[in-house]
2 protein chains.
Amino acid sequence: MASPPDTQDETFTDRQQAVLDAVLALMVEQGGELTMNAVARRASCSKESLYKWFGDREGLLTATVRWQASKVRTGNYDRTKLDALALRDSLIRFAANWLGVISSPTSIALNRFAIAQAGGGAPGGGLGAIMLANGRFAIGARLKPVLDAGRDAGLIAFDDTETAFRSFIGLVGRDVQIRLLLGDTLRLTPAEIEADAARATDQFLTLYGTANPVPGLPKTNA
Amino acid sequence: MASPPDTQDETFTDRQQAVLDAVLALMVEQGGELTMNAVARRASCSKESLYKWFGDREGLLTATVRWQASKVRTGNYDRTKLDALALRDSLIRFAANWLGVISSPTSIALNRFAIAQAGGGAPGGGLGAIMLANGRFAIGARLKPVLDAGRDAGLIAFDDTETAFRSFIGLVGRDVQIRLLLGDTLRLTPAEIEADAARATDQFLTLYGTANPVPGLPKTNA
DNA sequence: AAAGGTCCGTACCGTACGTTACGGTTCTCC
DNA sequence: GGAGAACCGTAACGTACGGTACGGACCTTT
């Protein structure tokens with residue numbers, strides 16, 4: 001549980017990466033009906049090669065999740081020196097980036113697969129654990145240094161970084177992810193994402209800021 | 001989309017209700033592997049009866065979701081007269097009730113099915129839409145009168161009830177639902193649920209309250 | 001008590017899909 | 001240029017499962 005975010009960078013050949021991209025495309029387009037035949041047809045490869053490279057269907061799905069996770073990984077947001085505006089900017093960029101990821105069709109399709117499979121037999125080694133490690137826990141590990149730096153700079157105050165972090169992503173994500181996963185036709189334009197990120201960040205700073213963290217920005221009761 | 005929360009109370013016979021409860025039990029226990037044979041065995045009925053009563057597998061799943069939704073529906077929380085303490089109490093009870101629902105094994109299993117099926121062919125008539133109507137949108141319809149009453153009483157202030165509601169459930173739920181759906185071993189004891197409900201409510205009142213809404217309760221930076 | 005209906009248990013059918021096997025083609029290396 | 005490997009396309013196999021059919025038991029009605 002809560003294993004390190006999959007540091008074993010499994011390297012795939014270009015051909016294999018193309019196959020995995022085909023799997024992702026199929027997941028996005030066709031949804032839950034993903035057969036080995038369809039993958040082989042889409043990727044123009046033989047089923048024999050699929051089984052040779054990935055073992056079985058489970059291995060193919062696992063490799064796909066890891067492959068996508070390796071593509072999503074972005075730079076860290078921590079910086080050594082922070083003032084109120086820089087902290088706010090870091091949080092907003094973080095929130096906007098995360099909202100963009102969780103509302104992307106690829107992320108939705110992948111989470112659907114992981115969730116569908118999380119109910120089944122293997123509770124530990126399933127796709128759900130990989131998604132958690134590379135999604136929820138990975139972004140926590142990336143954001144917490146920012147929060148701690150903000151606290152060290154006296155800009156925000158909290159006892160438990162984890163609790164503060166969870167409040168932040170609650171304010172940012174709200175019900176977006178579950179609605180999208182359930183098929184709600186919710187469109188998030190880049191402008192809406194930016195606005196939501198700013199609103200959530202200001203709400204977070206209202207809750208956890210030590211003083212008027214953002215002068216000129218009154219309480220956002222929008 | 002956003003259809004009314006399924007007012008057509010489909011009535012099932014006792015035998016059929018027992019079958020649907022068996023389906024729920026199987027969903028919770030076995031997870032994603034739900035076959036008609038398993039249902040017939042578990043419910044001690046013939047497959048012929050299953051198809052006679054529910055049409056096909058899809059109909060059985062749909063009936064199960066509706067049946068569970070009809071069991072979860074609870075009383076409304078609105079009241080005509082509100083002071084600050086009564087509003088806070090209503091919100092806390094609401095939050096605690098909702099947290100208890102979304103963290104229950106039945107809700108998790110059902111959401112897994114609906115999400116897995118939401119990726120497939122039928123985007124509108126699937127289980128996801130039913131879950132949304134009876135889950136997310138139903139609780140919104142039940143809580144919004146409380147929020148509006150609080151605003152009318154001058155206790156809280158916001159422009160859009162929907163936005164305020166979404167901030168509230170974001171603070172309450174945070175990442176609980178997605179983590180549980182992905183198989184995270186997250187245990188919410190009743191005490192934790194109550195504490196989370198109170199924390200989220202006080203944070204919400206800090207954000208949207210017009211004045212010191214809860215005297216004696218400082219900003220909860222826990 | 002006979003008739004009809006409902007339902008259980010089981011067997012059966014057709015299909016879909018995961019997995020394996022095989023022939024033919026292309027590429028690499030010596 | 002020839003040997004071998006890697007790989008593509010397709011066919012074949014076994015199983016699982018959704019859906020249907022049938023015989024027998026129980027219960028109700030007249």
Side-chain angles (χ1 to χ4, degrees), chain A residues 10-27 29-65 67 109 112-114 116-122 125-127, chain B residues 10-27 29-65 67 109 112-114 116-122 125-127:
Chain A
E10 322 199 15
T11 175
F12 299 111
T13 69
D14 290 351
R15 188 76 187 91
Q16 291 167 352
Q17 291 179 11
V19 170
L20 296 179
D21 281 329
V23 173
L24 286 174
L26 274 181
M27 281 180 171
E29 295 168 15
Q30 293 213 356
E33 302 168 8
L34 186 75
T35 71
M36 300 297 277
N37 258 321
V39 172
R41 237 180 299 123
R42 174 63 167 254
S44 294
C45 75
S46 71
K47 290 204 283 182
E48 192 177 21
S49 300
L50 290 183
Y51 285 98
K52 181 177 182 178
W53 292 332
F54 305 104
D56 55 2
R57 185 172 184 272
E58 170 78 13
L60 177 62
L61 294 179
T62 303
T64 303
V65 173
W67 168 237
R112 284 207 181 110
F113 265 90
Q117 190 252 221
L127 302 181
Chain B
E10 323 198 14
T11 176
F12 299 110
T13 68
D14 290 350
R15 187 75 187 93
Q16 291 167 352
Q17 291 180 10
V19 170
L20 296 179
D21 282 329
V23 173
L24 286 174
L26 273 182
M27 282 180 171
E29 295 168 14
Q30 294 212 353
E33 304 168 8
L34 186 75
T35 71
M36 300 297 278
N37 260 321
V39 172
R41 236 180 301 124
R42 174 63 168 253
S44 294
C45 74
S46 70
K47 286 206 289 180
E48 193 175 21
S49 300
L50 290 182
Y51 286 99
K52 179 176 182 178
W53 291 332
F54 305 105
D56 56 1
R57 186 171 183 272
E58 171 77 15
L60 176 62
L61 294 179
T62 302
T64 303
V65 173
W67 168 237
R112 285 208 181 107
F113 266 88
Q117 191 253 225
L127 303 180

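Letters A, B, ... mirror the listed sequences (proteins, then strands); counts begin at 1. As a basis for the values below, the full set of heavy atoms in this structure was taken, side chains included, without hydrogen atoms, waters or symmetry mates. All figures in this text were calculated on a predicted structure; none of them were measured in a lab.
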Legend entry - Under 4.0 angstrom between B/Trp53 side-chain N/O and C/dC7 OP1 or OP2: yes
Legend entry - Earlier contact from the 5' end, DNA chain C, for A/Gly55 and B/Ala43: B/Ala43
Inset, instruction - When you get a sec, tell me which of D/dC7, C/dT19, C/dG9 is the closest nucleotide to the side chain of A/Ser49? - result: D/dC7
Inset, instruction - Specify the separation, in whole Å, of atom CE of B/Met36 and atom P of C/dT15. - result: 19 Å
Inset, instruction - Identify whether any heavy atom of B/Leu34 sits under 4.0 Å from a base atom; if not, whether one sits that close to sugar-phosphate; answer base, sugar-phosphate or nothing. - result: sugar-phosphate
Inset, instruction - Using a 4.0 Å heavy-atom cut-off across all strands, classify A/Lys52 as base, sugar-phosphate, or nothing. - result: sugar-phosphate
Legend entry - Nearest-angstrom distance from the residue atom CG of B/Asp56 to C1' of C/dT15: 16 Å
Inset, instruction - Can you tell me which residue pairs pass the side-chain hydrogen bond (donor to acceptor under 3.5 Å, both in side chains) test with a partner in residues 48-57 of chain B, sequence neighbours excluded? - result: B/Ser46-B/Ser49
Legend entry - Mutual orientation of the aromatic rings belonging to B/Phe12 and B/Phe54 [parallel < 30°, tilted 30-60°, perpendicular > 60°]: tilted
Legend entry - B/Asp14 CG to C/dC7 P, straight-line distance once rounded to whole Å: 13 Å
Inset, instruction - Measure from CD on B/Glu48 to P on D/dA25 and round the result to the nearest Å. - result: 17 Å
Inset, instruction - Using a 4.5 Å cut-off on heavy atoms from C-beta on, say whether the side chain of A/Gln117 contacts that of A/Glu58. - result: yes
Inset, instruction - Whole angstrom is fine here: how far is it from CD in A/Glu33 over to P in C/dT15? - result: 18 Å
Inset, instruction - Using atom CZ of A/Phe54 as one end and atom P of D/dC7 as the other, report the distance to the nearest whole Å. - result: 11 Å
Inset, instruction - Please state how far atom CZ in A/Arg41 lies from atom C1' in C/dA16, giving the value in whole angstrom units. - result: 12 Å
Inset, instruction - Quick one: do B/Met36 and B/Leu60 satisfy side-chain contact (heavy atoms from CB on, under 4.5 Å)? Show the steps, please. - result: CA-CA 9 Å; B/Met36 300 297 278; B/Leu60 176 62; 4.0 Å; yes
Legend entry - B/Arg57 CZ to C/dA16 C1', straight-line distance once rounded to whole Å: 14 Å
Inset, instruction - State whether the distance check finds a donor on one side and an acceptor on the other, under 3.5 Å, for side chain A/Lys47 versus base C/dT19. - result: yes
Legend entry - A/Thr64 and A/Phe113, any side-chain heavy atoms less than 4.5 Å apart: no
